[in-house]
Amino acid sequence: MESFLSLPPSPLPVGIRPFFAFVLISSFVLNFVIAEPSLYLITEVAEKVEVEDYEQLAKQLENASPLQIMDKALEKFGNDIAIAFSGAEDVALIEYAKLTGRPFRVFSLDTGRLNPETYQFFDAVEKHYGIRIEYMFPDAVEVQALVRSKGLFSFYEDGHQECCRVRKVRPLRRALKGLRAWITGQRKDQSPGTRSEVPVVQVDPVFEGLEGGAGSLIKWNPVANVDGGDIWKFLRAMEVPVNSLHSQGYVSIGCEPCTRAVLPGQHEREGRWWWEDAKAKECGLHKGNLKQDAQEVPVNGTANRDLFEGKNLVALSRNGMENLLKLEKREEPWIVVLYAPWCQFCQGMESSYVELAEKLAGSGVKVGKFQADGEQKEFAKQELQLGSFPTILFFPKHSSRPIKYPSEQRDVDSLMAFVNALR
């Protein structure tokens, strides 16, 4: 069949035949566009993709259940979204995903320093749900360089951020580059000083997704508004497998050298990086959700009130602490807590310390408190052995040097045993 573009024999000179062909084709295209303008515009219309307003969506879902939020996330992103699983109570996310009936993906960061119980838990979760967790590992060359230059436990000396950056943050960044969205187990009550405003969904402010650039990754936090106790009720009701470390007193679980059990009354984050300040207890995975200054964050309405109030407690000023340090022979021994009102760990031991003061009333041991944040922090670090809040010191009767309470066990009996052993 002859093409409509084939030119019939023509007496036109050869030199102008290409021009004649151009005119003919242009005329055909123009007539086609005029006759079918909707077909011409289809490409332009397809490129106009509606941009989701995630701040508005977060408001709409603020009172939604975790299951509803999970279903919305999986429906919207399909295979381009995955659950970040740490090996702790965030297994609830996997249970919620299963309950939606939709397909889902799960990834985890294997830092190489996890507890044996956590690896066993990973295996149990895979078998229970019939899934394969997508493990991400740190770069071997980077780990080797860090360990060779600074040793295996450098984080005890200069902070955990460098190690976390190599073993957790960079592997996470690689994982997220293959996704358009991710699902986390962040909750507002996990760390009130730094996570108190976590939304249920947001444009990730730190990491990039599949398409690259700012705004290319969406972060879902289905349990942001759920209390930790309610998470555990859900896990028990659904008979979900859990990490055996939880039965040993572990609440927040991370790498083995940086995680330990907590006691009743202690906040769950107190089991992480216990040698550092309360406001430093983040690894960097959720940097975009952190408060810029945790000291200014109200926790349970206590930002504007003092702690350790009681008739048997003495509030010491800077001059009072300096005088206490200078005395080589005191008439009475003292126990003093260095605290910050904004610190959730100080708040957690408040009732125990007030009770201690009541028990020591009339015993010859004075019980004091010294607010050591703000302008007093440098003084407290240099002169009072302040490492993190709270720090508890005992000033013996016949010695000028205070003795630092070494334990994280801040219940009344433990504190009383410390005092009785030294007075």
Side-chain angles (χ1 to χ4, degrees), residues 156-157 260 262-267 270 273-281 295 302 305-423:
Y156 289 140
E157 300 174 6
R260 65 180 181 180
V262 296
L263 294 167
Q266 288 185 305
H267 192 276
E270 200 158 357
W273 307 295
W274 55 90
W275 62 93
E276 298 186 13
D277 262 3
K279 65 179 181 178
K281 294 177 183 285
Q295 296 189 26
T302 60
R305 76 169 181 88
D306 200 5
L307 301 180
F308 309 112
E309 300 283 7
K311 62 180 181 179
N312 299 306
L313 271 155
V314 180
L316 294 166
S317 64
R318 167 76 173 265
N319 288 337
M321 289 303 300
E322 289 176 339
N323 290 333
L324 197 57
L325 283 169
K326 293 175 183 176
L327 292 174
E328 294 186 1
K329 290 187 178 182
R330 304 177 185 87
E331 293 183 1
E332 298 173 306
W334 283 74
I335 182 170
V336 179
V337 60
L338 312 182
Y339 72 101
W342 49 263
C343 172
Q344 64 264 35
F345 308 125
C346 298
Q347 295 164 19
M349 68 163 288
E350 182 176 19
S351 60
S352 296
Y353 197 71
V354 171
E355 186 179 347
L356 176 71
E358 293 174 355
K359 288 190 172 185
L360 289 175
S363 69
V365 178
K366 291 287 188 180
V367 180
K369 63 175 186 175
F370 175 63
Q371 185 171 336
D373 62 343
E375 296 179 355
Q376 307 302 332
K377 190 170 184 179
E378 279 305 310
F379 162 71
K381 289 172 71 174
Q382 293 177 13
E383 304 294 336
L384 299 173
Q385 308 173 54
L386 176 67
S388 61
F389 294 113
T391 291
I392 300 171
L393 301 175
F394 186 81
F395 293 81
K397 191 173 181 179
H398 302 294
S399 173
S400 61
R401 181 173 177 79
I403 300 170
K404 185 175 180 178
Y405 181 59
S407 176
E408 295 292 322
Q409 301 180 25
R410 301 187 187 113
D411 59 287
V412 176
D413 292 339
S414 298
L415 292 172
M416 184 65 79
F418 173 65
V419 172
N420 289 335
L422 298 174
R423 67 174 173 174

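For the numbers below, each heavy atom of this structure counts, side chains included, while hydrogens, waters and symmetry mates do not. Along the sequence shown, the residues carry numbers beginning at 1.
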The single option from Leu325, Val365, Leu327, Ile335 that satisfies side-chain contact (heavy atoms from CB on, under 4.5 Å) with Phe395 is Leu325
**Residues forming a side chain to side chain donor-acceptor pair (under 3.5 Å) with Gln385, sequence neighbours excluded** =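 Applying side chain to side chain donor-acceptor pair (under 3.5 Å) to Gln385 gives none.
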Sequence neighbours excluded, the answer for side chain to side chain donor-acceptor pair (under 3.5 Å) partners of Tyr353 is none
[atom1]-[atom2] distance between [X] and [Y], expressed to the nearest 0.5 angstrom:
X: Leu384; Y: Glu322; atom1: CG; atom2: CD; result: 9.0 Å
X: Arg401; Y: Ile403; atom1: CZ; atom2: CD1; result: 9.0 Å
X: Asn420; Y: Leu415; atom1: CG; atom2: CG; result: 11.0 Å
X: Glu378; Y: Gln376; atom1: CD; atom2: CD; result: 11.0 Å
X: Cys346; Y: Glu350; atom1: SG; atom2: CD; result: 9.5 Å
X: Leu422; Y: Phe394; atom1: CG; atom2: CZ; result: 5.5 Å

Between Val337 and Pro390 the two heavy atoms that sit nearest each other are CG2-CB, 3.9 Å
Query raised in the report: Do you know which two heavy atoms are closest between Ala372 and Ala380, and how far apart they sit?
Result: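 Shortest heavy-atom separation between Ala372 and Ala380 comes out as CB-CB, 3.7 Å.
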- Query: Is NZ or CZ of Arg318 both nearer than 6.0 Å to the six-membered ring centre of Phe379 and within 45° of the ring axis?
  - Reply: yes
State which residues pass side chain to side chain contact (heavy atoms under 4.5 Å, CB included) with [X]; sequence neighbours excluded, sorted by chain then number.
X: Thr391; answer: Leu338, Leu386, Leu393, Lys404
X: Gln371; answer: Asp306, Tyr339, Pro341, Asp373
X: Ser317; answer: Asn319

Requested in this report: Taking the side chain as every heavy atom from C-beta outward, state whether Trp334 and Leu316 have any atom pair closer than 4.5 Å.
Outcome: yes
What residues form a salt bridge (charged side-chain N to carboxylate O under 4.0 Å, His left out) with Glu332, not counting sequence neighbours?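 For Glu332 there are no salt bridge (charged side-chain N to carboxylate O under 4.0 Å, His left out) partners, ignoring immediate neighbours.
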Go through the steps for Glu309 and Val354 under the test side chain to side chain contact (heavy atoms under 4.5 Å, CB included), then give the verdict. CA-CA 7 Å; Glu309 300 283 7; Val354 171; over 6 Å; no
Practice item. Quick one: list whatever passes ring-ring contact (aromatic ring centres under 6.0 Å, His included) with Phe418, sequence neighbours left out. Key: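 Applying ring-ring contact (aromatic ring centres under 6.0 Å, His included) to Phe418 gives Tyr405.
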Ignoring hydrogens and angles, tell me if any N or O in the side chain of Lys369 forms a donor-acceptor pair with the backbone of Leu307 under 3.5 Å.
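Looks like yes, one N/O pair under 3.5 Å.
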- Item | Residue pairs involving residues 357-367 (criterion side-chain hydrogen bond (donor to acceptor under 3.5 Å, both in side chains); sequence neighbours excluded) |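 Applying side-chain hydrogen bond (donor to acceptor under 3.5 Å, both in side chains) to every pair that reaches into residues 357-367, excluding sequence neighbours, yields Ser363-Arg423.
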